[in-house]
Amino acid sequence: MTVISSTIEGRIAIVTADNPPVNALSQAVREGLVREVQAMAADDAVDAIVIACAGRTFFAGADITEFGKPPMNPSLPDVVETIEATEKPVVAALHGTALGGGLEVALSCHYRVALKSAKVGLPEVMLGILPGAGGTQRFPRIAGVENALDAIVSGRHISVVEAHKWGAVDQLVEDADQLLPAAIKLATEKVSEGPRRTGDISIDSGKYDPAFFNAFRASVAKKTRGYFAPEQCIKAVEAAVNMPLAEGLKAERRLFMECMGNPQSAALRHMFFAERQVSRIPGITKETPRRDIKKVGIIGAGTMGGGIAMNFANAGIEVMMLELQQDALDRGLKVVRGNYERSVKSGRLTMGQVDELMARFTGTLSYDALSDCDLIIEAVFEKMEIKKQVFAELDRVAKKGAILASNTSYLDIDEIAASTSRPEDVIGLHFFSPANVMRLLEIVRAEKTADDVLATAVDLAKKIKKVGVVAGVCHGFIGNRMLSKYGWVSAISVISGNKPEEVDAALFDFGMPMGPLTMADMAGLDIGYMNRQSIGRDNYDTRAFDWQDKLVEAGRKGLKVGAGIYDYDEGSRAPKPSAFTENIIDEESKRLGITRTPKAAGDIVERAILALVNEGAKILAEGKAYRASDIDVVYANGYGFPPFRGGPMHYADSLGLDAVVKKLHGFIKEDSNWGTVAPLIEKLAAEGKTFADFDRENAA
Ligand code: 3HC
Ligand code: NAI
């Protein structure tokens, strides 16, 4: 297949790429571009060149599947240089998303015409690298240093309308069929003027002194904590400001290669492909029928129900909210409106849009009002008897073919499904709090869930901009089941010697958004307390949790009451070490006969993360997750596991599973409550394999 071909219209050559699905700049594309551009530049019948792409998008970037493999010529910088050096004008015709290397190719063209709906961006930072084909040198020259710095360090997609205002796009067209004619017209007009090279634009370096860059560093410090690439990006833009193009390009190359050599780039690439793998599900194909979802019912307008509903309203889907009492319903809808109104304050929505969104909500106290819903999600109290009552009602009122879903965090979906006459229509849709913000959705495939119900849920996740990961039925599904081990390790770390703030600092420094004990305070210590009461003292490690129970019994239920493991100043969410808690911990450890021996931060982290990994491996072996990489997606998107570490399973791979097995045996020797080493880890380690190998071997 020829991925790059040329035609000549009048005296303008049109070089077209056709490399589905996203015209990634693979070796064949790069080679073809150089070949055709050089051929057209040398052709006397041609006065100017247009570069365009077939299919859904302009080049979406370098071919990420080639990363980590031996380089193949020509390199992308070679391609870009060939285009920029061409003596005849070259015009890029942009549609879809011109990203990364795609934008770099466009910047090396002498002029750019774009379809108004197109987006551009330099998202390399999200893959742990930087634009390595001149993007850090050319974008600041044409778009302005401030704009380019923000774009390169955030990696955000930018509308071409904005890029046009910055001067990075010359002309916008409304309709797709105008794009090529407009590019040809511009190319024709520019024949007499000749090429205008982005690399020739000079930057007024006096304006951008070290203080400017340091202020920028400070402004992004919180967001970029722990990441390697953002600082490299900043240094590359500094080079653009302070050096001539050729030297700047050399600096960019060096910084790029340093990123490539850093393990974060492999981890972030793993996350990129892992997120795209999640929708590949055994038994589900493109041909599996889907159910039409036009109207969604939500039962319970509490913490979760309102947020869940917002996702659907945002996607243009009508929502019917059901509550037990009018005041609860009013309260729930008020919270939703309040959330939207906050977006008005931050400039993301207008009041008109809020009214439009709120018009998609209807409230009811009657189950009969749900009879025309295509999907009904229950988000009532976490009690099996209540869930069963709700599902019995749904069985009575829901129309035939409606999908019945539960947002339960832990309960058995098979048991819930069995309380209806249509278990094939029942599924778990486990959203994470705040449900309108968190990207993760665990889709729980119950024993009898029909394939079309599952396929519909997977598609719907995309529609509401979530990353939907399929899990099997087990206590806490993937994420919360693993979390319980992490919570146990953090509790035991405290009673055996470390202060809560030491445990939290260790995991925060590892890259978690907050430590586990701060998180416990935020969620409410009473939740764990009630759970332990219900399962009984014989069924959990009481040594680990009695100190937390004492806090709850003293009224310290967490952040919501201003006191938990930590103290909180009135109106503040910042945890402060508590003398009261320290005293309780001391008393408890004495009572238990524990000689408190603090561990180093690294040892705390090792235990906490390997507890996740060990449980993850058990989940995988039981088939409750389809892939180790799915578990990584769950942890990065639902629990803030640092993406630059690639999720717990990828992290374990990077440590080496042999080393992981040895560590786990050591922990078990120390404390039998660790249980057993997951046989799957033992097996993979013995075979010299990784979780990534497991995924490859089990790929459908
Ligand atoms: N290389 C290789 N494959 C890619 C790719 C790339 N740059 N971009 C997307 N793909 C693949 C995906 O893996 C997916 O494959 P699959 O169907 O087998 O799972 C397929 O293309 C479709 O991708 P999406 O499902 O993501 O499609 P969407 O329509 O949702 O999104 C997109 C399209 C916005 C282009 C999105 O794919 C995307 O963001 N891609 C990555 C863009 C990027 O990061 N570019 C920079 C690359 S690094 C670079 O250019 C370095 C240079 O500076 C030297
Ligand atoms: P909540 O207590 O904030 O809200 C529950 C709402 O359901 C209340 O408004 C209540 O009036 C209503 N309700 C109770 N019984 C009802 C019934 N029979 N019919 C109609 N409405 C009824 O609880 P929250 O936190 O929203 O949790 C709901 C569900 O979501 C639970 O299953 C929970 O495990 C799950 N969940 C909670 C998360 C969280 O962080 N809060 C995260 C993920 C899941």
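This structure is a prediction, so every number in the text was calculated from the model and none was measured. Heavy atoms only: backbone and side chains are in, while hydrogens, waters and symmetry mates are out. Order of appearance sets the numbers: ligands from 1, and atoms from 1 within every ligand. The residues of the chain are indexed from 1 along the displayed sequence.
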Item to check | Heavy atom of the protein closest to atom 27 (O) of ligand 2 (residue, atom name, distance) | outcome: Met304 CG, 3.9 Å
Checklist outcome for this item: Looking only at protein heavy atoms, what sits closest to atom 8 (N) of ligand 1 is Val22 CG2, 3.5 Å
Checklist entry - What part of Glu104, side chain, backbone, both or neither, has a heavy atom within less than 4.0 angstrom of ligand 1? => result side chain
Checklist entry - So which heavy atom in the protein is nearest atom 53 (O) of ligand 1, and how far is it from that ligand atom? => result Glu124 OE2, 2.5 Å
Checklist entry - Does Phe381 have a non-hydrogen atom less than 4.0 Å from ligand 2? => result yes
Checklist outcome for this item: Counting heavy atoms under 4.0 Å, the part of Ala60 that contacts ligand 1 is both
Checklist entry - With a 4.0 Å heavy-atom cut-off (strictly under), which part of Arg56 contacts ligand 1: side chain, backbone, both or neither? => result side chain
Checklist entry - How far is atom 31 (C) of ligand 2 from its nearest protein heavy atom, and which residue and atom is that? => result Val380 O, 3.2 Å
Item to check | Within reach of ligand 1, part of Ile64 (heavy-atom separation under 4.0 Å) | outcome: both
Checklist entry - So, Asp526 side chain and Tyr529 main chain: donor-acceptor pair closer than 3.5 Å or not? => result no
Checklist entry - Any idea which protein heavy atom is nearest atom 36 (N) of ligand 2, and the distance to it? => result Ser409 OG, 3.2 Å
Checklist entry - What's the shortest distance from atom 43 (C) of ligand 2 to any protein heavy atom, and which residue and atom give it? => result Phe431 O, 3.1 Å
Item to check | For Tyr367, the ligand 2 atoms whose distance to one of its heavy atoms is below 4.0 Å | outcome: 19 (N)
Next on the checklist: Can you confirm, on distance only, whether ligand 1 has an N/O atom lying under 3.5 Å from any N/O atom belonging to Leu127?
Outcome noted: no
Checklist outcome for this item: Counting heavy atoms under 4.0 Å, the part of Asp63 that contacts ligand 1 is both
Next on the checklist: So for Lys387, does at least one of its heavy atoms come nearer than 4.0 angstrom to any atom of ligand 2?
Outcome noted: yes
Checklist entry - Is the closest protein non-hydrogen atom to atom 18 (N) of ligand 2 under 4.0 Å? => result yes
Checklist entry - At under 4.0 Å between heavy atoms, which part of Arg280 makes contact with ligand 1: side chain, backbone, both or neither? => result side chain
Next on the checklist: Which option wins on minimum heavy-atom distance to atom 40 (N) of ligand 1: Phe272, Phe273, Phe256?
Outcome noted: Phe272
Checklist entry - Rounded to the nearest 0.5 Å, how far apart are CD of Glu124 and SG of Cys233? => result 8.0 Å
Checklist entry - ligand 1 versus Pro123, non-hydrogen atoms closer than 4.0 Å: side chain, backbone, both, neither? => result side chain
Item to check | Polar contact flag for Ala24 and ligand 1 (N/O pairs, less than 3.5 Å) | outcome: no
Next on the checklist: Students should be able to answer this: which protein heavy-atom is nearest to atom 25 (O) of ligand 2, and at what distance?
Outcome noted: Thr303 CB, 3.6 Å
Next on the checklist: Using modelled atom types and a 3.5 Å cut-off, is there a donor and acceptor pairing between side-chain atoms of Asn407 and backbone atoms of Phe431?
Outcome noted: yes
Checklist outcome for this item: When distances are taken from atom 24 (P) of ligand 1, the protein heavy atom at minimum range is Arg276 NE, 3.7 Å
Checklist entry - Can you tell me the protein heavy atom closest to atom 4 (O) of ligand 2 and the distance? => result Gly302 CA, 3.3 Å
Checklist outcome for this item: Filtering Asn407, Leu322, Ile299 for the heavy atom nearest atom 30 (O) of ligand 2 leaves Asn407
Item to check | Atoms in ligand 2 with a heavy atom of Val390 nearer than 4.0 Å | outcome: 18 (N)
Next on the checklist: Given Ala98, Gly102, Ala62, identify the one with the heavy atom nearest to atom 51 (C) of ligand 1.
Outcome noted: Ala62
Item to check | Protein residue, atom and distance nearest to atom 40 (O) of ligand 2, heavy-atom basis | outcome: Ser433 CB, 3.3 Å
Checklist entry - Does Lys387 come within less than 4.0 Å of Glu378, counting only side-chain N to carboxylate O? => result yes
Checklist entry - What protein heavy atom is closest to atom 11 (O) of ligand 2, reported as residue, atom name and distance in Å? => result Glu323 OE1, 2.8 Å
Item to check | Contact atoms of ligand 2, heavy-atom distance to His430 under 4.0 Å | outcome: 43 (C), 44 (C)
